[in-house]
There are 2 protein chains.
Amino acid sequence: MEISFKETNKRMARFEKAIRQAGVKVTIQRLEIFRVIASSIDHPDVETVYERVRERLPTVSLDTVYRTMWMLLDLGLISTLGASRDRTRFDANMENHHHFVCSRCGLTRDFYSEELDGIKIPESVKDFGSIEKAHLEVVGVCKQCAAKPNPKAQEEDTS
Amino acid sequence: MEISFKETNKRMARFEKAIRQAGVKVTIQRLEIFRVIASSIDHPDVETVYERVRERLPTVSLDTVYRTMWMLLDLGLISTLGASRDRTRFDANMENHHHFVCSRCGLTRDFYSEELDGIKIPESVKDFGSIEKAHLEVVGVCKQCAAKPNPKAQEEDTS
DNA sequence: TCTTAAATAAGAACGATTGTCAATAACATA
DNA sequence: TATGTTATTGACAATCGTTCTTATTTAAGA
């Protein structure tokens, strides 16, 4: 919701192109599911997407939404907030720090930078609410994963 | 693992102080669980913490680890990577952007800043692996939550 | 040491996610 | 446009992570 028609259409066009290129079938379910996520400003979870899709497609199943979301992720058409499919992970480092996260295996390491700690946050962000803290999330591929051949085997090594 | 004794001890001291201040009991389980997370460099999940605690305390139960982790979070002694207790959430915005996240309800909004897009990442980060992208995660309290009285009722409004 | 409330362990229960499979629909081809 | 092939769907069972319940144990103050 609340994404402009223009932007939504741009995303839909990208979707149709990517999905055909990938050789997977274009179904009503997939179109509607992508339309929902592409027009959402609020980064919904699967259940929320499901509810929104049902408004137009009452017979859709929750499974299909799950399957489609992961497919969209694999195709690089959407991303997840935080680590996908991952469990909650904890951090006892209460100093100011930043994270490097491996997009393949989820390995996460802290790093420090006084320069980054002093980052200027745009004034407009205060329209959303008060600001407590900020940290940079750097996403990449860790050395271990880079050394592995298999580029699509994103399991294991969650250390 | 791999956190220096000095730093671990510093964290343990902070833990003992905070836990007594909070008026909760100091149990062996809690000490060992905190010791594990305080000495871990790798941001483990609950299951991993559980396994490490069992090396020293074989009878500890998984529930206790769960309960203790949430307690530590409530006491502000640890934090979670990404949104805690939350389901996976999706983002169809593939442009360069940054996030504002409400620490109470999980509300997440995008914002843009060319200045931030050009951020310099310390060279040392490359020791972890290759860098694909980076974004700033700003944590605060959204206006809706700020308007509510209850400061500890962190549910609802996950829109 | 004794008392009491809080914390624990164990196992049941719950909720989110995934797997299985028969029925259906997309798409290539005729 | 009709048909065959194969991926996809929906229903429901199964799985896995997390939480709840309860009887038992333990920390901490009297």
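Predicted, not measured: the structure shown is a model, and the values here were computed from it. Residue numbering restarts at 1 for every chain, and letters A, B, ... go by the order of the sequence lines.
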Go through the N and O atoms of the side chain of A:Lys25 and the base of C:dA25, and report whether any donor-acceptor pair is under 3.5 Å.
-> no
More 5' along DNA chain D: B:Val24 or B:Val46, using each one's nearest nucleotide?
-> B:Val46
Using the benzene-type ring in the case of Trp, are the ring centres of A:His135 and A:His97 under 6.0 Å apart?
-> no
With the side chain of A:Thr59 defined as its heavy atoms from C-beta on, choose the nearest nucleotide among D:dG10, D:dT18, C:dA6.
-> D:dG10
Residue mapping more 5' on DNA chain D - nearest nucleotide basis, B:Arg67 or B:Thr27 | B:Arg67
Grab the CG-P distance between A:Leu57 and D:dT8 for me, whole Å please.
-> 16 Å
Kindly determine whether B:Glu55 and B:Arg52 satisfy salt bridge (charged side-chain N to carboxylate O under 4.0 Å, His left out), including the steps that lead there.
-> CA-CA 6 Å; B:Glu55 289 169 15; B:Arg52 290 180 189 166; over 6 Å; no
Of B:Gly23 and B:Asp63, the one whose closest DNA chain C nucleotide lies more 5' | B:Gly23
A:Tyr112 and A:Asn93 side chains, donor-acceptor separation under 3.5 Å | yes
Nucleotide D:dC16, atom P - distance to CG of A:Asp86 in whole Å = 17 Å
At under 4.0 Å, does any side-chain N or O of B:Trp70 touch on OP1 or OP2 of D:dT18?
-> no
Rounding to 0.5 Å, atoms CG (B:Leu31) and CZ (B:Phe15) come to a distance of 5.0 Å
Would you mind telling me which residue lines up with the more 5' stretch of DNA chain C, B:Thr88 or B:Gln29, judged by nearest nucleotide?
-> B:Gln29
In whole angstrom, what separates B:Leu62's CG from C:dA7's C1'?
-> 16 Å
Measure from CE on A:Met71 to C1' on C:dA26 and round the result to the nearest Å.
-> 14 Å
To the nearest Å, how far apart are B:Tyr50 OH and D:dC16 C1'?
-> 15 Å
OP1 or OP2 of C:dA7 less than 4.0 angstrom from a side-chain nitrogen or oxygen of B:Arg30, does that happen here?
-> yes
Starting at CZ of A:Arg87 and ending at P of D:dT18, how long is that distance when rounded to a whole Å?
-> 7 Å
Looking only at side-chain atoms of B:Tyr66, point me to the closest of C:dC27, D:dT19, C:dA9.
-> D:dT19
Check for a donor-acceptor pair, side chain of A:Arg89 on one end and backbone N or O of B:His43 on the other, with a separation under 3.5 Å.
-> yes
Whole-Å distance separating the CG atom of A:Asp74 from the P atom of D:dA7 = 17 Å
Base, sugar-phosphate alone, or nothing: which one does B:Glu47 contact when heavy atoms must sit under 4.0 Å apart?
-> nothing
Rounding to a whole Å, what distance do you find between A:Leu31:CG and D:dT8:P?
-> 13 Å
Verify the contact: side-chain N or O of B:Thr64 to OP1 or OP2 of C:dA9, cut-off strictly under 4.0 Å; return yes or no.
-> yes
